[in-house]
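What follows is one structure encoded as structure tokens, with my remarks underneath.
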Amino acid sequence: MKPIVFPYTQKPYKELVEAKLAQRESRIPKEWKIDVDLSPANLLDVPSTCGLLTDRELEITEKYDSVGLLAEIAKGTYTSKEVTIAFCKRAAIAQQCLNCLTEIFFDKAIERAEWLDAEFARTGKTVGPLHGLPISLKDSMSVAGEDSVVGIAAYCFQPEKENSVVVDILIKLGAVMYVKTNVPQSMMVPDTDNNVFGITRNPIHKELTASGSSGGLAALIKFRGSLLGIGTDVGGSIRVPAYTHGVYSLKPSSGRVPYHNVKGYLEPGAETAGILCVNAPMAVSVRDLEFVMKCMSDAEPWLYDPSCQYLPWNEPKPLDRKLSIGVIRFDTEVQTLPPVARVLDETVEKLKAAGHEIVELELYLADEISANAVDHFKVDGGAFLLSQLELTGEPLTVANQNGGLYPDVKRGLSDFYAYSSARAELQRAWLKYWEETASKTKSGKPVDALLLPIQSFLPRPEGYMMRSHFSRTWNNLDYPGLIFQAGKVDLAQDDKEMPAPITDMDARVQTTWAKDVRGRYDGFPIALQLVGQRQMEPKLFQTMSEISKVL
């Protein structure tokens with residue numbers, strides 16, 4: 001069997017970009033075009049003030065999370081078609097404000113919704129648990145007949161021949177596909193910017209990054225042009241954008257969510273080894289995340305996708321005791337900024353007040369785990385990325401030049417084996433570390449989950465590259481990580497100076513909290529991260545449910 005290759009278009013990249021942008025623009029109906037003033041720092045009120053959405057469409061897109069809206073569709077309160085049109089229109093507004101979309105196929109979505117309505121009228125039943133729900137997709141997901149450009153000009157006008165397995169399953173469950181969302185070139189830099197579609201804007205504040213690589217998805221969901229979307233995560237790519245936009249996300253363990261036929265950041269086949277990139281949901285509520293995970297598990301994806309393991313959604317036994325939560329406050333490199341530290345402290349105190357046990361832990365082997373992850377990510381030295389850019393004469397983006405992983409020295413197979421061996425030892429060490437937390441709990445059992453930031457800092461300015469070990473650690477260990485909203489920046493409490501920097505990275509982070517710029521963060525949402533053990537997502541959600549009761 002011949003190896004899979006990505007089809008490409010070998011023309012000058014500027015010519016491809018011009019044609020691709022014209023195609024995208026043509027897919028927004030003229031009657032949905034609006035005059036947008038892009039000067040305000042925050043654009044979240046545009047959908048309700050621009051006059052394009054009716055009161056009913058505003059209700060559909062603003063009143064519910066996915067679970068709530070699905071219940072209304074099942075009751076007949078709304079038709080699939082009117083829900084789909086409402087979200088298509090709101091996504092069109094989002095695109096004009098934020099530049100967050102890549103592929104737009106509203107016509108196909110509306111046709112699909114009409115079919116769902118006809119089936120509902122004929123049978124009196126929904127087609128599946130996601131009946132009529134528009135679901136947005138990161139650009140790397142394959143949709144038959146649509147491009148997967150993933151920020152590289154050579155992939156323009158090369159429509160996919162078949163869907164990603166995850167897309168097929170979502171359709172089987174009754175969902176509607178309508179848009180794909182923007183990503184960075186290479187998908188391995190933390191800003192959503194590429195030479196084809198440009199930069200995606202954070203709707204909360206224009207000075208701050210939409211982050212990446214699922215930045216377009218996060219911007220759309222924060223704008224409520226979508227309630228639920230599917231992105232990917234190999235080093236924080238779903239969790240960090242959720243954090244920078246005040247929404248919710250889950251990075252599952254590998255093998256849980258279908259990944260077959262997703263276009264990645266390396267050559268075809270490379271993502272089946274090493275640190276596995278995973279498909280991951282992002283949503284406006286925690287219960288949406290749990291619901292879609294259950295739905296996909298119930299669809300038995302292991303029957304359709306070789307990347308999936310046999311992992312039925314086994315509900316854990318009801319808790320007969322209070323939680324034991326391990327708290328990690330320091331990422332070993334960067335001191336946590338005052339608002340993030342305060343929100344974590346307040347959450348810990350609420351848990352204690354409710355009778356839950358708190359165990360102070362360290363980010364064990366963080367430096368070694370992070371270095372091993374980078375070794376894996378750099379194994380081809382960027383050779384494949386550069387080869388694809390050379391097809392059209394496309395340059396590296398500024399983000400890739402200033403803070404990306406490539407180009408670098410290409411490693412050999414023996415190096416890859418060495419990295420894999422070291423990773424296995426790190427994973428084994430963490431299993432022991434978690435098990436040994438039993439000696440610190442009153443129950444004599446290991447902690448139920450870990451509570452920590454997703455980053456030591458707040459959303460950073462566009463193009464200002466910073467890192468935190470709080471994110472990629474869990475990809476390397478393959479542990480699930482859940483991002484949930486826990487508080488907001490309150491300068492009345494948080495307007496504090498930082499201690500002297502302890503590293504160069506810490507010094508860089510502290511410039512984002514300088515006295516003259518910290519005002520931009522006032523009121524900004526702050527999320528925390530809840531981490532569970534490998535492939536124990538049901539238990540992670542059970543733990544999150546208990547935490548939600550006290551927040």
Side-chain angles (χ1 to χ4, degrees), residues 27-29 32 53 56-57 59-95 100-123 125-139 141-146 148 160 162-181 216-217 220-221 223-231 257-258 279 281-284 288-289 291-293 295-296 298-299:
R27 292 186 173 184
I28 299 177
W32 293 0
L53 299 174
R56 188 169 172 87
E57 288 167 340
E59 177 182 271
I60 288 169
T61 55
E62 295 182 355
K63 185 177 179 180
Y64 308 97
D65 63 1
S66 296
V67 173
L69 183 57
L70 285 165
E72 296 302 317
I73 294 173
K75 288 191 297 185
T77 306
Y78 308 113
T79 66
S80 299
K81 183 177 180 179
E82 66 177 329
V83 167
T84 297
I85 290 175
F87 280 101
C88 287
K89 290 173 72 174
R90 194 159 182 136
I93 298 170
Q95 168 55 26
C100 56
L101 305 184
T102 56
E103 305 301 317
I104 297 171
F105 34 100
F106 296 152
D107 52 347
K108 295 179 182 178
I110 294 169
E111 183 180 349
R112 159 79 170 166
E114 290 173 341
W115 179 85
L116 290 168
D117 285 336
E119 287 296 294
F120 186 73
R122 183 178 67 83
T123 65
K125 300 178 182 179
T126 56
V127 167
L130 301 179
H131 178 104
L133 180 69
I135 292 182
S136 50
L137 302 168
K138 189 174 183 175
D139 196 44
M141 307 296 148
S142 298
V143 175
E146 306 296 334
S148 294
E160 301 294 330
E162 58 184 13
N163 295 333
S164 296
V165 173
V166 69
V167 173
D168 279 335
I169 287 178
L170 291 171
I171 291 171
K172 180 181 178 181
L173 293 170
V176 176
M177 309 296 115
Y178 64 124
V179 291
K180 297 175 68 178
T181 57
L217 187 68
L220 179 66
I221 290 175
F223 210 72
R224 293 187 76 92
S226 174
L227 301 181
L228 178 66
I230 304 296
V257 179
N279 281 344
M282 185 184 293
V284 298
D288 281 359
L289 300 174
F291 182 71
V292 75
M293 289 295 294
C295 289
M296 285 194 285
D298 290 345

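- If you take CG on L53 and OG1 on T61, they are separated by 5.5 Å, rounding to the nearest 0.5 Å.
- Under the 4.5 Å side-chain criterion, counting only non-hydrogen atoms from C-beta, D107 is not in contact with E111.
- For the pair S148 and S142, the tightest heavy-atom approach, listed with the atom from each and the gap, is OG-CA, 3.9 Å.
- Distance alone, capped at 3.5 Å, places no donor-acceptor pair between the D65 side chain and the D288 backbone.
- Using a 4.0 Å cut-off between charged nitrogen and carboxylate oxygen, E160 and K180 do not count as a salt-bridge pair.
- Below 30°, between 30° and 60°, or above 60°: for W32 and F106 the angle between ring planes is between 30° and 60°, a tilted geometry.
- Between R112 and Y178, every side-chain heavy-atom pair lies at or beyond the 4.5 Å cut-off.
- None of V83, I85, T84 except one satisfies the side-chain contact (heavy atoms from CB on, under 4.5 Å) rule with F87; the exception is V83.
- Here the shortest heavy-atom pairing between I28 and I104 reads CG1-CD1, 3.8 Å.
- Under the side-chain hydrogen bond (donor to acceptor under 3.5 Å, both in side chains) criterion, N279 pairs with no residue, sequence neighbours left out.
- Each of V166, V165, I169 was compared with V257 under the side-chain contact (heavy atoms from CB on, under 4.5 Å) criterion, and only V166 meets it.
- Residues R90 and R224 form a side-chain contact, since some pair of their non-hydrogen atoms from C-beta on lies under 4.5 Å apart.
- Between the CZ atom of F120 and the OG1 atom of T79 there is a distance of 10.0 Å, given to the nearest 0.5 Å.
- Here E146 pairs with K108 in a salt bridge; the nearest charged N to carboxylate O distance falls below 4.0 Å.
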Evaluation steps, side-chain contact (heavy atoms from CB on, under 4.5 Å), between V127 and K172: CA-CA 8 Å; V127 167; K172 180 181 178 181; over 6 Å; no
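- Counting only distance, with no hydrogens or angles, the side chain of S164 and the backbone of V167 share no donor-acceptor pair below 3.5 Å.
- Side-chain contact between E103 and V143: absent, with no pair of heavy atoms (C-beta onward) separated by less than 4.5 Å.
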side-chain contact (heavy atoms from CB on, under 4.5 Å) between L130 and F291, worked out: CA-CA 10 Å; L130 301 179; F291 182 71; 3.7 Å; yes
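- When all heavy atoms of S226 and V284 are compared, the pair lying nearest together is O-CG1, 4.3 Å.
- Rounded to the nearest 0.5 Å, atoms CG (L133) and CE (M177) are 8.0 Å apart.
- Nearest heavy atom pair, residue D117 against residue S80, reads OD1-N, 2.8 Å.
- Looking at heavy atoms from C-beta onward, T181 lies out of side-chain contact with C100 at the 4.5 angstrom threshold.
- Taking all atoms of both residues into account, the shortest heavy-atom contact from Y64 to E72 is CE2-CG, 3.6 Å.
- Here the straight-line distance linking atom CZ of F223 with atom CD of Q95 works out to 10.5 Å at 0.5 Å rounding.
- For the side-chain hydrogen bond (donor to acceptor under 3.5 Å, both in side chains) test, residues two or more places apart in sequence or in another chain that qualify with E114 are K81.
- Nearest approach of A94 to L220, heavy atoms of both residues: CB-CD1, 3.8 Å.
- Counting heavy atoms from C-beta on, the side chains of T126 and I73 never come closer than 4.5 Å.
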Audit row: L228, M282, side-chain contact (heavy atoms from CB on, under 4.5 Å) steps and yes/no: CA-CA 6 Å; L228 178 66; M282 185 184 293; over 6 Å; no
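- Under a 4.0 Å N-O distance rule, the pair E119/R122 qualifies as a salt bridge.
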